[in-house]
Amino acid sequence: MSQQPPHVKPTASVYIDGLNLYRRLLAGRPELKWLNVEALAEHLLPEYDIVRVRYFTAVIKALPGADATSPQRQQVYLRALRSLPRTTVELGKFRIDPRVMPVHPTEWEPDGSPRRVRVKKTEEKGSDVALASRLLVDAMHGDADLFVVLTNDSDLVMPLRLVREDLNREVGLLSPMQPKRASNELKQTNPTLHRHVTPEAVAASQLPDVLRVDVGTFHRPRKWSGNSEGSAEAEPSNQ
């Protein structure tokens with residue numbers, strides 16, 4: 001009696017906007033930050049074979065008044081991610097620039113102009129462009145059946161539309177928000193698949209506390225073992 005061939009799953013390539021994921025779901029939840037992005041992709045897309053996960057973020061800098069050890073924790077985490085067999089990490093830049101900006105709520109100078117103050121503006125540059133570029137190039141190569149983006153950033157509407165409409169590839173959307181709060185612009189790209197990333201899914205997709213791999217051993221940062229950090233404002237990725 002001949003054997004039946006094993007069922008072959010369709011394939012998926014996953015692109016994670018690390019800054020958006022952090023701001024929308026991980027900030028203030030340190031126990032969720034030691035995230036295994038491959039396990040999360042498999043948890044959210046069980047009917048697909050995950051061929052790659054691309055993770056986009058920027059290297060953070062210690063901010064005045066913030067925890068000075070945050071950059072060290074991020075570096076440990078990024079090294080742990082790079083040890084995963086299907087994961088690549090792509091870095092933009094984190095900038096802190098002096099700016100003169102109006103105060104909020106608006107105050108007025110005697111001459112009728114809005115009062116302005118000098119501030120330090122934190123800004124991440126390059127991750128969105130890198131994600132969009134990798135998504136488009138991979139889709140042109142056509143080496144997956146589904147191209148899935150984890151974000152709630154509407155700046156990525158255009159590349160998702162190009163992949164679906166111009167390249168005729170199937171796209172998926174993973175929203176790190178409650179469904180009612182997910183970006184309408186992203187939902188209107190008509191993804192083949194749209195799912196919500198829950199805290200429970202992230203909690204179920206953590207790296208082991210001690211990760212031993214060929215390139216070394218990585219330990220979950222002590223501050224990520226419980227709810228010991230408050231929320232962050234502008235820091236990208238896990239901090």
Side-chain angles (χ1 to χ4, degrees), residues 11-27 33 35-41 44-45 50-61 63 70-71 73-97 121-167 169-177 182-183 185-186 189 191 193 197 202 232-239:
T11 56
S13 183
V14 179
Y15 306 80
I16 296 179
D17 181 347
L19 172 58
N20 199 263
L21 173 62
Y22 178 82
R23 285 176 169 166
R24 301 300 185 186
L25 194 57
L26 303 183
K33 293 179 179 180
L35 174 61
N36 183 332
V37 293
E38 291 182 10
L40 181 65
L44 296 169
L45 305 165
I50 308 301
V51 296
R52 74 168 68 84
V53 178
R54 297 195 188 276
Y55 182 85
F56 300 83
T57 189
V59 175
I60 65 174
K61 300 178 181 179
L63 299 175
S70 293
R73 290 195 295 277
Q74 189 203 34
Q75 286 300 320
V76 171
Y77 179 64
L78 295 180
R79 288 172 60 203
L81 283 189
R82 288 189 179 102
S83 75
L84 301 178
R86 291 167 289 170
T87 299
T88 58
V89 176
E90 310 216 17
L91 299 177
K93 294 182 179 180
F94 184 59
R95 295 182 54 175
I96 305 175
D97 297 318
K121 181 175 174 60
T122 59
E123 190 174 16
E124 186 274 336
K125 304 287 289 183
S127 289
D128 286 353
V129 173
L131 191 158
S133 300
R134 287 293 190 185
L135 172 65
L136 288 166
V137 170
D138 290 345
M140 282 190 286
H141 290 161
D143 52 3
D145 297 305
L146 181 72
F147 297 86
V148 185
V149 178
L150 192 164
T151 191
N152 198 55
D153 188 347
S154 59
D155 286 348
L156 294 168
V157 164
M158 179 59 75
L160 280 167
R161 286 195 183 280
L162 290 172
V163 170
R164 188 177 65 81
E165 297 174 4
D166 289 51
L167 299 177
R169 308 296 186 195
E170 292 190 355
V171 299
L173 176 63
L174 302 175
S175 297
M177 304 284 291
S183 165
E185 293 90 342
L186 286 168
T189 61
L193 173 150
V197 186
V202 175
E233 294 181 357
E235 297 82 352
S237 185
N238 295 18
Q239 66 156 333

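For the single chain, residues carry numbers from 1 onward in sequence order.
- Judged purely by atom type and a 3.5 angstrom limit, E90 has no side-chain atom pairing as donor or acceptor with the backbone of R54.
- Put simply, the side chain of R169 gets close to the backbone of A139: a donor and an acceptor are under 3.5 Å apart.
- When atom types are taken as modelled, the side chain of Q75 and the backbone of V59 share no donor-acceptor pair closer than 3.5 angstrom.
- Annotation for A144 and T11: closest pair CA-OG1, 3.2 Å, computed over non-hydrogen atoms.
- Put simply, CG on L150 and CG on L131 are 10.0 Å apart, with the number rounded to the nearest 0.5 Å.
- Side-chain atoms of K33 and Y22, non-hydrogen and from C-beta on, do get closer than 4.5 Å to each other.
- In this structure, T88 and R134 have side chains that are not in contact, with every pair of non-hydrogen atoms separated by 4.5 Å or more.
- The side-chain contact (heavy atoms from CB on, under 4.5 Å) test with D155 singles out one residue from N20, D17, D128, and that residue is D128.
- The closest side-chain heavy-atom distance from L35 to Y77 is below 4.5 Å.
- Contact of the S183 side chain with the M177 side chain is not registered, since no non-hydrogen atoms from C-beta on lie closer than 4.5 Å.
- Residues L25 and V202 come closest through the heavy atom pair CD2-CG2, 3.6 Å.
- Side-chain atoms of N152 and S175 form no donor-acceptor pair, as typed in the model, at a separation below 3.5 Å.
- Taking every heavy atom of both residues into account, D145 and E170 meet most closely at O-CB, 3.6 Å.
- Residues T57 and L91 have side chains in contact (heavy-atom distance under 4.5 Å, counting atoms from C-beta outward).
- Taken from CG in D143 to CG in D138, the straight-line distance is 5.5 Å, to the nearest 0.5 Å.
- One distance of note links CE of M158 with CD of E185; it measures 12.5 Å at 0.5 Å rounding.
- Using a 4.5 Å heavy-atom threshold, the side chains of R164 and L160 count as separate.
- Remark: L186 CG to R161 CZ distance equals 9.5 Å, nearest 0.5 Å.
- Here the CG atom belonging to L174 is positioned 12.5 Å from the OH atom belonging to Y15, to the nearest 0.5 angstrom.
- Atom CZ of R79 has 12 or fewer heavy atoms from other residues, nucleotides or ligands within 6.0 Å.
- V197 is not listed as a side-chain neighbour of R24, based on a closest heavy-atom distance of 4.5 Å or more.
- The side-chain contact (heavy atoms from CB on, under 4.5 Å) test with V89 is passed by exactly one of I16, L78, V53: L78.
- Pairing each heavy atom of V37 with each of L81, the nearest pair is CG2-CD2, 4.0 Å.
- Annotation for R52 and S13: closest pair NH1-OG, 2.8 Å, computed over non-hydrogen atoms.
- Counting heavy atoms from C-beta outward, L45 and L193 have side chains that approach closer than 4.5 Å.
- Separating the OG1 atom in T189 from the CG atom in L162 is a distance of 11.5 Å, to the nearest 0.5 Å.
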